[in-house]
*Asks:* 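I'd like to ask you about the structure that follows.
All chains are named by letter (A, B, ...) in the order of the sequence lines, taking the proteins before the strands, and each is independently numbered beginning at 1.
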Number of protein chains: 2
Amino acid sequence: MRTPRDRGVPGAGGTSTINDVARLAGVSIKTVSRVMNNEPNVRPETRDKVQEAATLLHYRPNLLARSLAGSRSFLIGLFYDNPNAAYITDMQRGVITRAREQGYHLLIEPQDSHAPDLVSKISSLLATIRLDGVILTPPLCDMAVVLHAIEAAGVPYVRVSPFLNPGRSPCVRMDETQAAYEMTRHLISMGHKDIGFIRGHPEHGGSHQRYEGFVRALRESQIEPRPEWVKQGYFSYESGVEAGRALFAEKTRPTAVFSSNDYMAFGVMASAQQVGIRIPEDVSITGFDDVPGAMLVWPHVTTIRQPVEALAYAAADILLTRQESEEGEPAPQAPDRLLPFALIERQSVRRL
Amino acid sequence: MRTPRDRGVPGAGGTSTINDVARLAGVSIKTVSRVMNNEPNVRPETRDKVQEAATLLHYRPNLLARSLAGSRSFLIGLFYDNPNAAYITDMQRGVITRAREQGYHLLIEPQDSHAPDLVSKISSLLATIRLDGVILTPPLCDMAVVLHAIEAAGVPYVRVSPFLNPGRSPCVRMDETQAAYEMTRHLISMGHKDIGFIRGHPEHGGSHQRYEGFVRALRESQIEPRPEWVKQGYFSYESGVEAGRALFAEKTRPTAVFSSNDYMAFGVMASAQQVGIRIPEDVSITGFDDVPGAMLVWPHVTTIRQPVEALAYAAADILLTRQESEEGEPAPQAPDRLLPFALIERQSVRRL
DNA sequence: CCACTTAATGACAGCGCTATCAGAGAGCGT
DNA sequence: ACGCTCTCTGATAGCGCTGTCATTAAGTGG
């Protein structure tokens with residue numbers, strides 16, 4: 001009778017252990033370990049001998065055993081609560097790309113940020129699996145209780161595009177204010193002076209920054225934003241429709257509308273269509289985010305592309321680079337990494 | 001000087017071990033282990049005593065140690081190579097939902113199905129981390145070399161919507177032929193007799209099944225499909241535009257067009273718009289997949305919704321349920337699990 | 001009351017690695 | 001030749017659990 005852990009005939013498809021390699025190479029398992037971890041103080045010929053044996057036996061160090069014995073788990077966690085599928089997969093791709101360079105793996109942990117037991121779930125998770133680092137995306141990265149739980153567990157973490165608590169941890173983000181500023185400059189350079197704005201969800205950090213960049217660009221050109229042309233939205237298509245409807249019901253109407261994100265821009269376009277306003281002949285439209293669906297609506301909307309995958313890569317890089325060097329000292333207090341965005345010009349803006 | 005593994009003052013935020021619990025409860029660690037794993041043969045009062053101690057110490061079993069000592073890793077892997085973000089996140093959500101019910105975690109492994117070293121990457125991964133199961137999605141689930149590598153590693157796996165090698169492993173899928181059949185029946189019931197069809201990528205299994213369902217429904221109503229109204233597409237928006245253009249250039253034109261997926265349907269709609277054909281007044285359109293962008297184009301397209309999350313849940317369920325019961329015996333040869341799809345009626349089909 | 005099963009518990013040996021430290025050589029100045 | 005450092009290597013003790021098996025306590029039948 002074979003027990004569940006019986007690996008069968010050694011070498012015949014079964015996994016080989018560090019012992020097998022040590023025996024074949026005629027050295028101790030510690031030396032094999034040294035070679036596998038690229039530690040110094042191994043004679044080149046010894047190293048070769050070990051490597052040859054390892055190759056011959058198709059030896060792969062067991063990650064679980066390494067984790068248990070050592071101080072690393074080779075696992076990094078990505079925590080998120082974001083309904084946007086494209087954002088999530090881009091994040092995952094970026095993190096995994098960097099993680100693989102170092103033999104790390106990714107554990108994904110979608111979390112309901114409204115769950116009452118969110119913190120206990122996270123604490124419990126971190127106690128169960130010792131992650132070498134976690135990456136937090138909005139809105140989780142702005143929840144103090146979450147940060148506290150992760151800090152309490154002593155796990156290094158990096159936040160992506162945080163709004164609150166600057167400096168509390170390493171962060172990666174793009175300069176949203178600057179992006180909105182440049183988008184507004186773009187509209188102005190196309191001859192627009194009367195520009196409307198659809199604000200995003202007030203609880204989302206980016207909303208304020210985007211508005212701020214908009215206003216700054218306007219004022220810089222001696223244009224005063226008109227309150228009746230600034231409408232509140234909530235980042236959803238429907239809120240865009242509503243905001244557009246309200247905006248186009250005003251006595252005078254702007255020649256361009258800058259929506260805080262693409263979905264609202266689509267909503268604005270739909271509301272325009274309904275009252276016979278043509279885009280971009282009558283009104284120019286710009287969005288923000290460059291969602292994949294952008295290519296589905298006509299005209300394609302001019303927008304800002306956030307470097308999501310690059311942000312993710314950078315976040316993982318901070319985690320893994322620190323892993324490499326540091327061994328207990330307080331981190332060298334890395335400043336936020338700011339990544340470049342791109343203004344994508346398409347057909348929704350007309351030159352006046 | 002603190003070593004990296006120094007956990008600091010016991011109990012003070014530090015993780016507690018099974019030893020701490022055993023000591024506090026006044027039992028052996030083995031008994032604690034039994035309680036934590038819900039094993040039988042523990043007196044209720046003992047169980048309570050242990051549970052109390054565990055709660056008091058915020059004890060969480062270390063997953064890594066459990067994996068190494070035991071026969072389970074509490075990790076399941078999701079392998080995919082699919083550009084569709086919504087599909088992937090739905091899959092992940094479904095798998096995670098089921099996994100969490102059993103304290104399992106998800107490791108995601110995007111793979112490039114065209115990479116020359118795909119197999120060695122997979123073998124190496126499976127040797128490094130002992131996964132308790134893996135879930136394969138198209139196109140990976142149809143690659144014999146991949147199946148072989150996983151079988152060689154002795155890891156149980158479930159395939160989602162496979163096309164080839166039926167019966168080689170447990171599978172979950174929806175009945176694509178039936179869905180296409182019902183969609184066609186729907187068009188016929190709306191009074192359409194002249195129906196065009198845009199085929200999908202010939203290397204994707206679903207393409208053939210969808211076409212088959214289409215033809216079956218037609219023939220059942222004594223309608224012979226007209227070859228000049230069947231165009232080849234490749235599941236992309238652009239291929240839809242092209243197919244639509246070719247279709248509308250025919251001498252006579254169908255009253256409805258069934259596209260093998262939504263993106264191509266959008267393309268067909270765009271090509272119709274360009275030559276002044278109105279949807280659905282002049283031509284009705286149906287899609288397949290219900291991609292999220294479907295709500296962005298007007299009119300909203302009638303389509304088939306694939307139960308992606310439910311498929312993922314079912315796949316994980318097969319893996320985890322087997323885990324529970326079986327201990328080495330050959331699986332009871334579960335037949336494929338067929339999950340129900342939904343026909344979503346929207347505004348792109350007109351009753352004749 | 002005794003052999004005889006069954007339930008409840010514990011002792012202990014690993015799982016496959018890493019960390020620590022001791023030891024064996026090699027090189028070198030005095 | 002001696003101690004001394006420095007480089008390379010191995011013996012050994014865990015990491016925090018689970019699996020196996022032995023052991024004790026409790027029940028059962030004759």
*Asks:* Which residues pass the side chain to side chain contact (heavy atoms under 4.5 Å, CB included) test with A:K49, sequence neighbours left out?
*Replies:*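 Listed in chain order: A:V27.
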*Asks:* How close or far is atom P of C:dC17 from atom CZ of A:F74, stated in whole angstroms?
*Replies:*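 Between P of C:dC17 and CZ of A:F74: 12 Å.
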*Asks:* On the side chain of A:R60, is there an atom forming a donor-acceptor pair with the base of C:dG16 - under 3.5 Å, no angle test?
*Replies:*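 For A:R60, whose side chain was compared with the base of C:dG16, there is no donor-acceptor pair (under 3.5 Å).
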*Asks:* Answer with yes or no whether the side chains of B:N37 and B:R66 bring together a donor and an acceptor at under 3.5 Å.
*Replies:*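 Present: a donor and an acceptor within the cut-off.
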*Asks:* Side-chain donor or acceptor of A:K30 under 3.5 Å from a matching atom on the base of C:dA19?
*Replies:*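 Flag set: donor-acceptor pair detected.
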*Asks:* Given atom CZ of A:R23 and atom P of D:dG10, what is their separation to the nearest angstrom?
*Replies:*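 So the two atoms are 14 Å apart, to the nearest Å.
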*Asks:* Just N and O in the side chain of B:S71: are any of them under 4.0 Å from OP1 or OP2 of D:dG19?
*Replies:*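 Indeed, a polar side-chain atom of B:S71 lies that close.
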*Asks:* Who pairs with A:D81 by side chain to side chain contact (heavy atoms under 4.5 Å, CB included), at least two apart in sequence or on another chain?
*Replies:*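 Only A:D112, A:S113, A:P139, A:L140 meet the side chain to side chain contact (heavy atoms under 4.5 Å, CB included) criterion with A:D81.
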*Asks:* Give the rounded distance in Å between these two atoms: CG of A:L68 and C1' of C:dA19.
*Replies:*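 The answer, rounded to whole Å, is 13 Å.
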*Asks:* How about B:Y87 and B:T137: do any of their side-chain heavy atoms sit closer than 4.5 Å?
*Replies:*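 Counting from C-beta outward, B:Y87 and B:T137 do come under 4.5 Å.
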*Asks:* From C-beta outward on B:Y59, which listed nucleotide comes closest to its side chain: C:dC17, D:dC15, D:dC17?
*Replies:*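 Out of C:dC17, D:dC15, D:dC17, the nucleotide with an atom closest to B:Y59's side chain is D:dC17.
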*Asks:* Among all residues two or more places apart in sequence or in another chain, which pass the salt bridge (Lys or Arg N to Asp or Glu O under 4.0 Å) test with A:E309?
*Replies:*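 For A:E309 the salt bridge (Lys or Arg N to Asp or Glu O under 4.0 Å) partners, ignoring immediate neighbours, are A:R93.
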*Asks:* Roughly, in whole Å, what's the span from CD in B:E45 to C1' in C:dT9?
*Replies:*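 These atoms are roughly 13 Å apart.
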*Asks:* Could you check how far CZ of A:R130 sits from P of D:dG16, rounded to whole Å?
*Replies:*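 Going from CZ in A:R130 over to P in D:dG16 covers 10 Å.
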*Asks:* At under 4.0 Å between heavy atoms, what does A:N19 touch on the DNA or RNA strands: base, sugar-phosphate, or nothing?
*Replies:*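 Result for A:N19 = nothing.
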*Asks:* Under 4.0 Å from OP1 or OP2 of C:dG10: is there any side-chain N or O of B:T31 that close?
*Replies:*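 Indeed, a polar side-chain atom of B:T31 lies that close.
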*Asks:* Taking only side-chain N and O atoms of B:S28, does any of them lie within less than 4.0 angstrom of OP1 or OP2 on C:dA11?
*Replies:*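 It does not, given that no N or O in the side chain of B:S28 lies less than 4.0 Å from OP1 or OP2 of C:dA11.
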*Asks:* Using the salt bridge (Lys or Arg N to Asp or Glu O under 4.0 Å) criterion, which residues pair with B:D132? Sequence neighbours excluded.
*Replies:*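 Applying salt bridge (Lys or Arg N to Asp or Glu O under 4.0 Å) to B:D132 gives B:R130.
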*Asks:* Please compare B:R47 and B:A65 by the position of their nearest nucleotide in DNA chain C and report the one closer to 5'.
*Replies:*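 So the residue in question is B:R47.
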*Asks:* Might you list the N or O atoms of the protein lying below 3.5 Å from N or O atoms in nucleotides 5-8 of chain C, with each pair's distance?
*Replies:*
from, atom 1, to, atom 2, distance (Å)
C:dA8, OP2, B:N41, OD1, 3.4

*Asks:* In whole angstrom, what separates A:E39's CD from D:dG10's P?
*Replies:*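 A:E39 atom CD is separated from D:dG10 atom P by 14 Å.
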*Asks:* At a heavy-atom distance below 4.0 Å, what parts of residues 122-129 of chain B sit against DNA chain C?
*Replies:*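 Those residues: none at all.
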*Asks:* I'd like to check the side chain to side chain contact (heavy atoms under 4.5 Å, CB included) partners of B:Q51; sequence neighbours left out, ordered by chain and number.
*Replies:*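 Expected list: B:V35, B:R47, B:D48.
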*Asks:* Quick one: closest heavy-atom pair of A:S16 and A:Y59, and the distance?
*Replies:*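 Smallest heavy-atom distance, with atoms named: O-CD1, 3.3 Å.
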*Asks:* Can you list the residues that meet the side chain to side chain contact (heavy atoms under 4.5 Å, CB included) rule with B:D117, with sequence neighbours excluded?
*Replies:*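 For B:D117 the side chain to side chain contact (heavy atoms under 4.5 Å, CB included) partners, ignoring immediate neighbours, are B:A115, B:S120, B:K121.
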*Asks:* Whole angstroms only, please: what is the CG-P distance between A:N37 and D:dT9?
*Replies:*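 Result: 16 Å.
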*Asks:* What residues, two or more places apart in sequence or in another chain, satisfy salt bridge (Lys or Arg N to Asp or Glu O under 4.0 Å) together with A:R173?
*Replies:*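 A:D336.
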*Asks:* Any salt bridge (charged side-chain N to carboxylate O under 4.0 Å, His left out) pairs touching residues 145-155 of chain B, not counting sequence neighbours?
*Replies:*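 Those involving residues 145-155 of chain B are B:E151-B:R168.
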*Asks:* Determine whether any donor atom in the side chain of A:R34 lies under 3.5 Å from an acceptor atom in the base of D:dG10, or the reverse, and answer yes or no.
*Replies:*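 Present.
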*Asks:* Quick test of your reading: applying ring-ring contact (aromatic ring centres under 6.0 Å, His included), list the pairs with at least one residue in residues 101-135 of chain B, sequence neighbours left out, ordered by first then second residue.
*Replies:*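 Non-adjacent pairs meeting ring-ring contact (aromatic ring centres under 6.0 Å, His included): B:F74-B:Y104.
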*Asks:* For B:I135 versus B:L319, what's the shortest heavy-atom pair and its separation?
*Replies:*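 The answer is CG1-CD2, 3.6 Å.
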*Asks:* D:dG16 C1' sits how many Å from B:I29 CD1, rounded?
*Replies:*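 Going from CD1 in B:I29 over to C1' in D:dG16 covers 8 Å.
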*Asks:* Just compare C:dC17, D:dT18, C:dG10 and give me whichever is closest to any side-chain atom of B:V27.
*Replies:*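 Of all the options, the side chain of B:V27 is nearest to C:dG10.
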*Asks:* Would you tell me if any nitrogen or oxygen in the side chain of B:S33 comes within less than 4.0 Å of OP1 or OP2 on D:dT18?
*Replies:*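 Affirmative; the distance criterion is met.
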*Asks:* To 10°, what angle do the rotation axes through the five end pairs on each side of the helix from C:dC1-D:dG30 to C:dT30-D:dA1 form?
*Replies:*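 Here the helix ends are tilted 50° relative to one another.
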